Every structure is written in C-alpha cells, then in structure tokens.
Q: 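Structure incoming, see below.
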Amino acid sequence: MNPKLRQLVIAGVVLLVTSVLVGVWVGSAARRLAAAEDASSGVALASAADEGYCTGELKVILRRVLTSCGLVPGGSTRGCQPLQAKSVAAMSGGDFNALFAPLAERAAIIQFDQDSAELDLGALTLLDETFADQSGASYFLVVSRASPEGSVGYNRDLSRRRASAVLDHLQASFNDPDLEQEVGLLWLGEEFAQLDPEFCSWQRSRPVGLCSSAELNRSAFIAWIDCRL
Amino acid sequence: MSPQVRILLWILIVFSLLGALFAGISTYDFVAHLDRQVHAITCAFVPGLAARDASGTSGCHAAMMSPYSSVLRTSTWGGIPISLPGLAVFAFLLAFALHLLLSGQPLERADTWFLLAATLLPVVVSAVYFAIAVTKVGAVCKLCIGIYVASLGVLVAAVLLHWRAVRPRGQGATWGRFLAYAVQGVAFVLVPVLLYLALKPAYPQAALAGCGSLLHPEDKYDVRIAVASRAGGIPAIEVMDPLCAACKGFTQRLSASGFEQQLELEVVLFPLDKECNWMVSESLHPGACAVSETILAAGPQAPAVLAWVFDHQEELRRLGDLGAAAVQARVKQEFPEIASNLGKPATKSRLNRSLRWVVSNSLPVLTPQLYVGGEKVCDEDTDLGLEYVLSRLLERRGTAGGGR
C-alpha cells in the first residue's frame, strides 16, 4: 500500500473511533437529559415539625385553643382566661391536661413562690433552655396556674401575671420576630385543669423539695408544640 | 527499521493508548454530566478495579467540578472538557506511531522532530494542570496522574526515537511533511471537539428563568452571614451545610468563577444533621449542627470561622462521627474567644432561626443552593454549568437596571 494512503487510512480509522466514542457519549447524555426533564425531582421541602402525637383530635383542640387565645393569625386577643379556656377546649380539666401527656420531653414547669409572679434564677434558666430548644415546633404554650389560697378572682389575676412574666422574659431575652405568632398564654387561676402530683416527675424549675399539689400549681407550664395546624 | 526503534515505537504506542484511556475515561465522566444529573465517576489508577466515586469526595470529582476542567464555560453549558482535546492528541500520537511502525522504514528526523513537538504539547499541558491541581484545586486526581505519566512516557519515547533517527533527505521535503502532520493533528482535535459541540444537548432556556424564588427573602431572624460584600453587587444567598463536601466545592467554584466579585453574597446555614434539624431523619453530616452553632456564635468572625471549617472539613467530619462535643472542642481550640458563647440558649436559638428561615421560604431540603436576586439557580447548574448560568443571570439583572 502507498505509504501516504496507509497513513491516511490509519489516521482515519483512529479518528473515526475517537469521534464515534465522543458522539455516543454525548448522544447518550442528551437522551438521558430529555428523559429526566419529564421527571420531578422528588426533593422534600423544608417545613415545620409535625410529630406523631399530633393526632387529628389534638389538632382540632389546639386550633380552637390557639385561635381563641390569640396565637393563630386572626385571633382577637392574646391570652385566655379560665372560663374561655374551658369553653374553647370543650373538655374536662383532666382531659385538657392529658392532651399534654405526649409532651413530657418537651415541656417544663416553671414554679413560683406563693403569691408571686417573679421568676427566680432556676426558673429563668429552665425557661431559657426550654424556649431555646424549639427545634421544628410552631407554637409555645404557657399555661399558668395558681394554688387555691386567696380568692378566685385574685388567683385568676395572679396566674395572668405569671404568664405575662414568662412572656416578658422571652421578649427581653430572645429577639424573636415570630414571638407574637408562636407564644400563646392561658391563665387558668385555680379553677380549671389543675396539675396533679403525677406532674412532679416532669422537668421543674425547683426539682428538689416539696411537690404537693399547691407547689405544683403555683406555676407556668411551658411546652413547645410540634404540630402544624 | 532497527529492532530498538521498533521497541521504542511500541513503547510510544503503549503510552499513547494509556493516555487515550485515561483521557477517554475522564471525558466520558464529564460528558455523562451533560444530562444535568449526578453520576459516580471513575477515580483509579486501574480503571474498573476500584469502586466508582459516588460521594463526590475524590480528587477526580474535585478536579472535574473545578472551573479548570473545561474551557469556554460561559459560552456553552459546562464548556469543552480539557480532557477531550487530550484524548484527541493521544489518539493522534497513536495513529502517528502506528504509521511509523507499519512503514518499516528507518525513522527520519523530519518525523521525529514533529513527534517531539507533538509529544511536548501534552507534557506542557500536564505541567500546567498539575500546578493548578496543587495550588488551586487542592486535590490531585488519579486519572490526571495517569495522563501526566502517559505524557511523560510519550515524550521520553519521542526523545529516544529522535536520537536514533537518520537525517532528512532534503529541507523542502521536511517542511512539507511537517505541515501535513500538523494539519492532521489539528484535524484530530477539531473533529471530536466540533462533534461534541454539535451533539451536546442545548441548555433548557426555561431553566434560565430560575428554579423558584424566595418567598420571604428578608433577614428578619438576623441569621445571614455576609461573606462577600461588594458595593453595588447583586444580592445573593448561598444555603449551605458547613460539613457538606459539595458545599465546599460549590463555594470554591463560585470563588474561582470570578462572578463572586459581582455579588453581595450571604450565607444561610442549613445543617443536614438531625441533632438540630428536624427535617432530616438521618444525619447526612454528623456534627454539622455543632459546627453551625459555632459559626453563628462567632459574630463578626463568622466568615473566618467558616473558611477555617472548609479547610478542615474532613477532620471535622471524622470528629462529627464521635459526637458534637468532639467537634466543638476542636473548634474551641482554634477559636478560644468564641467558646463562651457556645451552648448558650441565645446561640442555639439563632441556629434554630436559621433553619426556620429555610422553612419560611419552603426551600428544598438539600445543600448547596444559590439564590441570585431572590431567584434560585437550578441545582443542576451549580456545578459544571455555574459559569454559563451566572453569566446570563448577572447580564440579565444588569440589563434590567441595576441588580438590587
């Protein structure tokens, strides 16, 4: 074979093989791209937490309570008084407290001295730690109570001041623009859903010492609610 | 033709084949990504024996995703992979060596001068790319090393062949042959490159409109970290996990692209670690929450801490497997001045707000993500297509009047 012709044939064959490989690779990518354009990505979107305990029943009651007590946009007031809480929850005090049973790991009980709405050091620390542990929760409930000493009206006001003390501290300590939409206050006085000694085993700001019903209800029960409404 | 020359030609053929093999695999891996999806890539001295890299942690992945792996990236999506002309050059050397071998004639200096010039080209390119790999990319890939070795091999074979070649018969014939070889060499490079450009899929123009936008771009939670504040720059937000290798690679690509200079870039931390992120059931990057908290606790030092975290990402990922305490202890050792802020409720709360910023914008649970002027750069365009898309996005924003 003519040397020049042989050189051209060799070069042609090698170039052809190279070009065919490139063509096949690129063509294959183009076909995959066309196929992929029809498929959705299936990537999850970021959202607030919605834990397993957020049953339909719980959500219905939460929505009622949160709307009436000023958390859900459109609610008229911030904070529920005992009679309102009782009517919007439409349940007994025991059932109301049972709603919070799944929150044992996310809740804390901020305790106060008798006839006082002042947060002590232990209360401030526990409140800060609990609030900072928001995780994916959307709502922070503050359910304050009072022990039965004194008149019903006085205790109603005392529990309101306890709830307010908690909110005031959160506003001062956490510059959280969502605070208005996420913190809900319920003050129950001595009238509704009082805590029984079973709650002594929950996280409290005064973990040592007496834990009678009276001590337990001079308190603000706080909890993040990991439910989407 | 003497037996020694014949052996040297065989050596030239073997090294040309090796170079073509490594450059071909590299080209194949690059071209596979033209489908805008994620693929495992080959990164081994003996391709086929080692497992392919699907995690994006190999040097080959770093090299391929770096802006130096291809040219003309702003003109065509992904650019032209530098390994493609590499493949063509080795293919040409193979054809040339076969031609010399099959001719059976004693080699002339006219042939070997050209061979020297042709084999010098991959050596020079290899030297340049080795320097880039060490100084810019910070990783050397095994396929690239294969190409470097093959380049040296063909050059050494060419030098020895030149030493054994006989003098040319006439000057005129030498230049004519030289020119003919050069034309062949150029054709070997041009044909595959033009074929590549002709067949590569067109960029879907709809993607230029972005892949969504931020619902609430404002920083009401005060969680964004300014990392590149250019006066008059277009606002851009990078959503990242500080322990994610892809995020580090993306940040480096963005910086090397040169387009970062036109952006007022902020970072939102989105650790894919279940310690603090309720949106993931398994921790993709254990320790990322602890690292993120540390960065947020650093205040004005945050960009410096973030840069340090990227530099020590592998070490921190290993520590992350031992627990958050081990990660934070290492960072505290490096930045003792921020230790007092760690673990405080306010710092934890700030990290939580960073996640809530992501929730408020309903962003996909993945990292990295880039938003330019509130528009999301499609995830498929954050690697090979970054320069192509950014150049167009910025041009459009500039034409639209100013970027803010």
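Residue numbers start from 1 in every chain, and the chains themselves are labelled A, B, ... in the order their sequence lines are given, proteins ahead of strands. What you are looking at is a predicted structure, and each value in this text was computed from that prediction instead of being measured.
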Q: I need the minimum non-hydrogen distance between A/K59 and A/D50, along with the two atoms involved.
A: NZ-OD2, 3.0 Å

Q: Sort out for me which of B/N361, B/L84, B/L102, B/D379 touches chain A most, counting heavy-atom pairs under 4.5 Å.
A: B/L102

Q: If we define contacts as heavy-atom pairs under 4.5 Å, which of A/S19, A/G23, A/S135 has the most with chain B?
A: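 Ranked by heavy-atom pairs under 4.5 Å with chain B, first place is A/S135.
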
Q: What I want to check is whether the side chains of A/S147 and A/N217 have a donor and an acceptor closer together than 3.5 Å.
A: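 A/S147 vs A/N217: no donor-acceptor pair found between side chains.
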
Q: In terms of heavy-atom contacts, does CD of A/E105 have more than 12 from other residues, nucleotides or ligands at under 6.0 Å?
A: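 Count not over threshold, so no.
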
Q: For each of B/K200, B/K348, B/K220, tally heavy-atom pairs with chain A at distances under 4.5 Å, and name the one with the top tally.
A: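 Option with the greatest count: B/K220.
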
Q: Between B/Y196, B/F270, B/Y221, which has the largest tally of heavy atom pairs under 4.5 Å with chain A?
A: B/Y221

Q: For chain A, which of B/L34, B/L199, B/L100 has the most heavy-atom pairs under 4.5 Å?
A: B/L199

Q: Identify which one of B/D273, B/D241, B/L269, B/L272 satisfies the side-chain contact (heavy atoms from CB on, under 4.5 Å) criterion when paired with B/C289.
A: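 Single pass found, and it is B/D273.
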
Q: Given that the side chain runs from C-beta out, which part of A/R32 has a heavy atom under 4.5 Å from chain B: side chain, backbone, both or neither?
A: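 For A/R32, the contact with chain B is made by backbone and side chain together.
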
Q: Is A/D133 in contact with chain B via its backbone, its side chain, both, or neither, using a 4.5 Å heavy-atom distance?
A: neither

Q: Would you call the rings of B/F96 and B/Y181 parallel, tilted or perpendicular, taking 30° and 60° as the class edges?
A: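 Ring orientation of B/F96 relative to B/Y181: perpendicular.
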
Q: Of the non-hydrogen atoms in B/P122 and B/A118, which two are nearest, and what is the gap between them?
A: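 Shortest heavy-atom separation between B/P122 and B/A118 comes out as CD-O, 3.0 Å.
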
Q: Of the backbone (N, CA, C, O) and the side chain (C-beta and beyond), which part of B/L195 lies under 4.5 Å from a heavy atom of chain A, both, or neither?
A: side chain

Q: Under 4.5 Å, counting heavy-atom pairs only, tell me which of A/A48, A/G12, A/S173, A/G27 racks up the most with chain B.
A: A/A48

Q: Measure across B/S16 and B/L93 and return the closest heavy-atom pair with its distance rounded to 0.1 Å.
A: OG-CB, 3.5 Å

Q: Check the angle between the aromatic planes of A/F221 and A/F100 and answer parallel, tilted or perpendicular using the 30° and 60° thresholds.
A: perpendicular

Q: With a 4.5 angstrom heavy-atom cut-off, is it the side chain or the backbone of B/R356 that approaches chain A, or both, or neither?
A: side chain

Q: Under a 4.5 Å cutoff for heavy-atom pairs, which residue among B/L351, B/L94, B/V191 has the most contacts with chain A?
A: B/V191

Q: If you count heavy-atom pairs within less than 4.5 Å of chain B, which of A/L15, A/L21, A/T18 leads?
A: A/L15

Q: Whether B/D381 and B/R36 form a salt bridge (side-chain N of Lys/Arg under 4.0 Å from carboxylate O of Asp/Glu) is what I want to check.
A: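 Salt bridge between B/R36 and B/D381, a charged N being under 4.0 Å from a carboxylate O: yes.
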
Q: Going by an N to O cut-off under 4.0 Å, is there a salt bridge joining B/R177 and B/E108?
A: yes

Q: Any chance OH of B/Y203 has more than 12 other-residue heavy atoms, nucleotides or ligands included, within less than 6.0 Å?
A: yes

Q: For chain B, find which of A/D226, A/D128, A/N175 contributes the most heavy-atom pairs closer than 4.5 angstrom.
A: A/N175

Q: Of all of A/L8, A/I10, A/V9, which one pairs up most often with chain B through heavy atoms under 4.5 Å apart?
A: A/I10

Q: If you count heavy-atom pairs under 4.5 Å with chain B, which of A/E129, A/E51, A/R6 comes out on top?
A: A/R6

Q: Side chain from CB out, backbone as N, CA, C, O: work out which of these in A/S28 comes under 4.5 Å of a heavy atom of chain B, or both, or neither.
A: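 For A/S28, no heavy atom lies under 4.5 Å from chain B.
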
Q: Return the option, out of B/Q105, B/H33, B/M279, with the maximum number of heavy-atom pairs under 4.5 Å with chain A.
A: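 The option with the most such pairs is B/M279.
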
